[in-house]
Amino acid sequence: MKKTFLLSLLIFALTSCDVLNQIGGAIQLSQCEYKYNSITDMQLAGINMGNGSSISLSNFASISSILTGGNLQTIPFSMTLNMNVTNPNQAAAFLNALEYAVEINEMEFTTGKMDVPIRVEPGQTAVLPLSIGVDLRNLMNRYSRDRVAKEMSGFLGLSPDPTKVTVKLWPKLMVGNTPIRVPAPIPVVFNFGGDK
């Protein structure tokens, strides 16, 4: 009986230490500085736009046609949003996974999750890659074709309209084998186009 109790107490203590360690890492992560780094692997309905910095004239016409809705049943859009995470703390910042939500000019754009562990050593900067995927047709059904076309045109640099991008990050902690999302997100805001 005593051996079982001591073994249970030891397992609880080890699990508690692991949870406290994860909480410490998540707290350090919430105190990190987040900045936009780049966009890579951008694709719209089969058109490869790379990092989106130089859209050709032939692609410009195709993209404009796609954004007006066309006859497509789905309008897949994907990219990798890379953010710099700088740890100014004296301890490492880390987490096991996170959930995120992306807004473009207050329009809910997409949500997702990343199950790859992240660790940023003290005084170091790491790149956090978020894989973004959304069907623009669903957004057009939810908001309107005109609104989605306007926001995406600004985001892609097809129009001079300013674009405010808000990314909300919710780190997850492992309690036993169960991932638990922290209640308050880490907000990251940056702008494209316009006067910035």
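Keep in mind the model is a prediction, meaning the values are calculated, not measured. The basis for the numbers below is simple: all heavy atoms, side chains too, and nothing from hydrogens, waters or symmetry mates.
Minimum interatomic distance between Pro185 and Lys168 (heavy atoms only, all atoms of both residues): CB-CB, 3.9 Å. The two residues Met114 and Pro129 have their closest heavy-atom pair at SD-O, 3.2 Å. The two residues Asn105 and Pro162 make their nearest non-hydrogen contact at ND2-O, 3.3 Å. Annotation for Gly154 and Thr163: closest pair C-OG1, 3.1 Å, computed over non-hydrogen atoms. Nearest heavy-atom pair across Gln73 and Arg137 is O-CG, 3.3 Å. Considering every non-hydrogen atom in both Ala93 and Cys32, the closest pair reads CB-SG, 3.8 Å.
Checked against Val134 for a side-chain contact (heavy atoms from CB on, under 4.5 Å), the options Thr111, Thr110, Val102, Ile75 give a single hit: Thr110. Paired with Phe109 under the rule side-chain contact (heavy atoms from CB on, under 4.5 Å), one option of Leu136, Val165, Thr166 passes, and it is Leu136.
Under the 4.5 Å side-chain criterion, counting only non-hydrogen atoms from C-beta, Met107 is not in contact with Glu103. Counting heavy atoms from C-beta outward, Val167 and Tyr34 have side chains that stay 4.5 Å or more apart. Side-chain contact check for Leu98 versus Lys172: every heavy-atom pair is 4.5 Å or farther apart. Between Leu130 and Leu128, some side-chain heavy-atom pair lies under the 4.5 Å cut-off. Glu151 places none of its side-chain heavy atoms less than 4.5 Å from the side chain of Asp161.
Comment: Glu99 does not engage Lys113 in a salt bridge, judged by the lack of any side-chain N to carboxylate O separation of less than 4.0 angstrom. Ion pair Arg119/Glu121 flagged as a salt bridge, since at least one NZ, NE, NH1 or NH2 atom sits closer than 4.0 Å to an Asp/Glu carboxylate oxygen.
Put simply, CG on Leu44 and CE on Met152 are 6.5 Å apart, with the number rounded to the nearest 0.5 Å. Considering CZ of Arg147 and NZ of Lys150, their distance stands at 8.0 Å, rounded to 0.5 Å.
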Check residues 77-86 and write down every donor-acceptor pair under 3.5 Å in which the side-chain atom is one partner and the other belongs to a residue at least two apart or another chain.
residue: Asn82; atom: ND2; partner: Ser38; partner atom: OG; Å: 3.1
residue: Asn82; atom: ND2; partner: Thr40; partner atom: OG1; Å: 3.4
residue: Asn84; atom: OD1; partner: Asn37; partner atom: ND2; Å: 2.7
residue: Thr86; atom: OG1; partner: Thr125; partner atom: OG1; Å: 2.8

Practice prompt. Could you go through the side chain to side chain contact (heavy atoms under 4.5 Å, CB included) check for Tyr100 and Ile186 one step at a time?
Written response: CA-CA 9 Å; Tyr100 57 86; Ile186 300 168; over 6 Å; no

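Side-chain contact check for Gln124 and Asn87: no donor-acceptor pair (N or O, by modelled atom type) lies under 3.5 Å.
Residues Tyr143 and Ile132 share a hydrophobic cluster, clusters being chains of Ile/Leu/Val/Met/Phe/Trp/Tyr side chains in contact below 4.5 Å.
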